[in-house]
> 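Structure incoming, see below.
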Amino acid sequence: MSVLTIYNSLTRQKEVFEPLHPPYVGLYVCGPTVSGESHLGHARPYITFDVVYRYLRHLGYQVRYVRNITDAGHFEEEGREAEDKIARGAILEKLEPMELVQKYTRLFHWGMQQFNCLDPNIEPTATGHIIEQISMIEDILAKGYAYVVNGSVYFDVVKYAAHYPYGQLSGRVLDELLATTRELEGQEEKRNKADFALWKKAPPQHIMRWKSPWGEGFPGWHIECSAMSTKYLGHPFDIHGGGMDLLFPHHECEIAQSTIAFGEPPVRYWMHNNMITINGRKMGKSYHNVIKLTELFSGQHPLLEQPYHPMVVRFYILQTHYRSTLDFSNEALQAAERGLQRLWEAFDLLQKMATAIPDGQALAPEEKFSSNSLEGRIQQLCADCREAMDDDFNTARVLANLFELVPIVNAAGHHQLAEQLSPATIKLLQQSFSLYLSEILGLQPIQKQDSQLVEALLELLIEIRREARLRKDYATSDRIRQQLQRIGIQLKDEKDGSVTYTFQ
RNA sequence: GGUCCCGUGGCCGAGUGGUCAGGCAGAGGUCUGCAAAACCUUAUACAGCGGUUCGAAUCCGCUCGGGACCUCCA
């Protein structure tokens with residue numbers, strides 16, 4: 001039996017995963033900033049960590065999955081900036097911050113549902129935890145690692161670095177950060193460039209503001225995750241995940257402020273997924289290549305040749321290891337679309353084969369086959385799925401294994417296989433597909449809902465066509481098939497004389 | 001400029017020092033009234049140059065190319 005190993009960004013190596021308090025596991029993932037519509041880039045971390053969550057649960061852990069919603073900060077609705085400048089009265093038109101946040105939170109949830117991501121157990125909002133953030137800041141101030149300037153509070157990174165290791169996670173060296181020539185706005189209040197804001201004083205026009213011991217303002221960009229993860233998962237907790245772009249400064253800041261506040265580093269395993277790129281470039285506002293989820297699913301984007309089903313995107317993402325960059329292209333997604341269909345059709349077939357097995361036979365004793373026999377190979381491939389998942393969630397290898405099983409399944413199901421598979425092996429195949437494809441990787445069939453009505457109508461057409469074929473009236477039979485093809489239904493004459501269909 | 005990562009066949013992508021990745025697209029075949037699907041067979045590969053080794057796509061060095069982070073960012 002293999003054991004789960006996780007690549008820890010902090011130590012830059014794979015480590016055996018041992019939860020602090022088994023069977024409980026605390027999992028915190030940095031959630032989206034809901035100031036705009038969710039995009040393709042959001043798909044990667046949340047699908048990645050959905051699989052992490054699913055797999056940990058499968059291993060028997062009781063996971064508390066916390067994923068925040070960042071709804072504090074300075075928000076403007078996308079595309080409205082220019083408008084705002086023009087009309088003074090636009091303030092009336094402007095969405096209430098809460099309204100904006102709710103709108104995009106709902107859209108985000110919708111997107112996650114499309115991807116079949118399980119809900120986190122707790123989805124805390126930054127605005128809902130102002131008190132926790134303030135008290136954590138007070139704590140850091142009391143310990144002497146932060147200072148107040150002008151109604152804002154900054155974390156003293158230089159002092160921190162003198163007593164604690166700083167920059168370990170992101171490989172940063174403080175002196176180099178301080179030597180950076182880059183000039184940024186709003187830096188003048190800081191004692192040092194590397195310091196970061198825990199609390200910011202709100203300028204008069206700022207619409208999101210809360211009372212604090214330092215005046216009206218809003219929390220800094222890093223404190224929410226520390227305050228909320230600790231509140232719900234304690235300290236330290238097991239796994240903290242997020243995109244690689246959050247390594248610095250976000251997660252580095254989290255480590256520093258939590259270390260001061262709680263006296264120890266906050267997280268035991270740091271996990272970071274790599275970025276999605278488009279034509280080799282990271283997707284980002286500044287590159288003007290952001291594809292929103294609504295655009296992705298509808299195909300309404302200049303870079304898209306067609307709509308892509310959420311499951312195709314999920315599958316495509318899981319076909320790459322989460323720590324590799326994933327380049328986006330129409331060609332690759334179309335290949336994924338076909339591949340997923342092939343995988344799913346084999347799974348369907350397998351379900352039918354498995355239900356055809358009488359109950360008693362399914363419980364046949366475990367047989368050991370030599371590894372060079374067909375059944376032995378099947379056992380090996382199924383077992384390797386477990387190994388692959390244990391090897392830092394190598395979903396790509398799991399899928400490759402399942403693909404290798406597809407021809408075997410198809411051949412057996414279509415009676416094209418010389419030898420018969422034993423009921424136990426068929427059951428093993430069915431269980432493996434169900435477990436990995438559906439339960440752990442969270443994939444769902446892309447086939448459109450075939451309602452009973454559609455099914456009945458199709459049966460009728462198939463019956464008419466069958467009669468036509470018996471009369472050798474191929475004009476009629478081909479016409480039925482071609483017309484159905486045109487509306488997206490593919491008829492297939494199976495070897496045994498039956499007719500099956502798939503939706504495209 | 002600093003830090004780090006990557007470079008696998010037409011495209012996408014796993015991977016370990018010595019044996020097949022896999023998918024999509026090709027090619028040939030079987031089956032079929034014809035299709036489709038399925039099955040079988042099959043070409044093309046590890047950026048370049050050195051080094052370590054009995055042996056390297058896999059380890060080391062250099063070169064070239066690409067990317068990420070250093071700023072909100074998934």
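Basis for what follows: all heavy atoms, side chains included, without hydrogens, waters or symmetry-related copies. First the proteins, then the strands, lettered A, B, ... as listed; each starts at 1.
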> Name the one of A/W199, A/F196, A/Y154 that satisfies ring pair (Phe, Tyr, Trp, His ring centres under 6.0 Å) with A/H222?
A/F196
> Counting any heavy atom closer than 4.0 Å, what does A/G41 reach on the DNA or RNA strands: base, sugar-phosphate only, or nothing?
base
> Within the structure shown, what part of the strands sits under 4.0 Å from A/L343 by heavy-atom distance: base, sugar-phosphate, or nothing?
nothing
> Between A/Y322 and A/D392, do the side chains contain an N or O donor and an N or O acceptor separated by less than 3.5 Å?
yes
> With rounding to the nearest 0.5 Å, note down the distance linking CD1 in A/I440 to CG in A/L435.
4.0 Å
> If you check every side-chain atom of A/L246, which of B/rG15, B/rA74, B/rC69 has the closest atom?
B/rA74
> Rounded to the nearest 0.5 Å, what separates atom NE2 in A/H109 from atom OG in A/S38?
9.0 Å
> Using the C1' atom in both, what is the distance from B/rC69 to B/rA74, to the nearest Å?
14 Å
> Please give the distance between the P atoms of B/rA56 and B/rG2 as a whole number of Å.
34 Å
> Tell me which nucleotide, if any, is Watson-Crick or G-U wobble paired with B/rA38 when both distances must be under 3.5 Å.
B/rU30
> I'd like to check A/L293 versus A/E37 (side-chain heavy atoms, cut-off strictly below 4.5 Å). Are they in contact?
no
> With a 3.5 Å limit on both atom pairs, tell me what B/rA56 is paired to, counting Watson-Crick and G-U wobble, or say none.
none
> When you compare the side chains of A/Q380 and A/R377, does any donor N or O come within less than 3.5 Å of an acceptor on the partner?
no
> Quick one: on RNA chain B, does A/G171 or A/A400 contact a more 5' nucleotide (nearest heavy atom)?
A/G171
> Enumerate the residues from residues 110-118 of chain A whose closest heavy atom to RNA chain B is under 4.0 Å, giving them by residue number; use none for an empty result.
none
> What do the steps show when you test A/L296 against A/F328 for side-chain contact (heavy atoms from CB on, under 4.5 Å), and what is the final call?
CA-CA 12 Å; A/L296 184 63; A/F328 180 94; 4.1 Å; yes
> Do nucleotides 31-41 of chain B as a string where each nucleotide becomes B, S or -: B if the base has a protein heavy atom under 4.0 Å, S if just the sugar-phosphate does, - if no protein is that close.
S-BBBBSBSS-
> A/E252 has an atom CD; how far is it from atom P of B/rU3, in whole Å?
16 Å
> Using Watson-Crick or G-U wobble geometry with both distances under 3.5 Å, which nucleotide pairs with B/rG7?
B/rC64
> I'd like the P distance from B/rC39 over to B/rG23, given in whole Å.
10 Å
> If you check the A/D327 side chain, which of B/rA21, B/rG13, B/rG23 turns out closest?
B/rG13
> Name the residue closer to the 5' end of RNA chain B, choosing between A/D391 and A/S170 according to the nucleotide with the nearest heavy atom.
A/S170
> Would you measure the distance from the C1' atom in B/rU63 across to the matching atom in B/rG55 and give it in whole Å?
25 Å
> Nearest to the side chain of A/H321, which nucleotide is it out of B/rA14, B/rG22, B/rC73?
B/rA14
> Looking at B/rA14, B/rC69, B/rA74, which one has an atom nearest to any side-chain atom of A/T33?
B/rA74
> Going by an N to O cut-off under 4.0 Å, is there a salt bridge joining A/R465 and A/D493?
yes
> For nucleotides B/rC46 and B/rG17, find the distance between their C1' atoms and express it as a whole number of Å.
14 Å
> I need the CE-C1' distance between A/M244 and B/rC6, as an integer number of Å.
10 Å
> If you measure from the C1' atom in B/rG9 to the same atom in B/rG22, how many Å do you get, rounded?
13 Å
> Give the rounded distance in Å between these two atoms: CG of A/N273 and P of B/rC69.
13 Å
> What is the distance, to the nearest angstrom, from the CZ atom on A/R377 to the C1' atom on B/rC20?
9 Å
> With a 4.0 Å limit, can you tell me whether A/R172 has a side-chain N or O closer than that to the phosphate oxygens OP1/OP2 of B/rC69?
no
> Determine whether more than 12 heavy atoms belonging to other residues, nucleotides or ligands lie under 6.0 Å from atom CD of A/E463.
yes
> Expressed as a whole number of Å, how far does the P atom of B/rC5 sit from that of B/rA43?
36 Å
> State plainly whether the residues A/K201 and A/E189 are in salt-bridge range, i.e. N to O under 4.0 Å.
no
> In whole Å, what is the span from the CD1 atom of A/I317 to the P atom of B/rC12?
17 Å
> Is any side-chain N or O of A/N274 closer than 4.0 Å to OP1 or OP2 of B/rA74?
no
> Could you check which of B/rC73, B/rG13, B/rG22 has an atom nearest any side-chain atom of A/F403?
B/rG22
> Send over the distance from A/Y322 OH to B/rA68 C1', rounded to a whole Å.
17 Å
> Does B/rA21 pair with anything, Watson-Crick or G-U wobble, both distances under 3.5 Å, and if so, with which nucleotide?
none
> Without hydrogens or angle criteria, can the side chains of A/E337 and A/Y316 be said to hold a donor-acceptor pair below 3.5 Å?
no
> What's the gap between B/rA45 and B/rU71 when it is taken at their P atoms, as a whole Å value?
45 Å
> Please name the nucleotide paired to B/rG1 by Watson-Crick or G-U wobble geometry with both distances under 3.5 Å, or report none.
B/rC70
> Write down the distance between CZ (A/R12) and P (B/rC4), rounded to a whole number of angstrom.
8 Å
> Distance check needed: B/rC5 C1' versus A/D245 CG, whole Å only.
14 Å
> Just wondering, do A/F237 and A/V66 contact through their side chains at under 4.5 Å, heavy atoms?
no
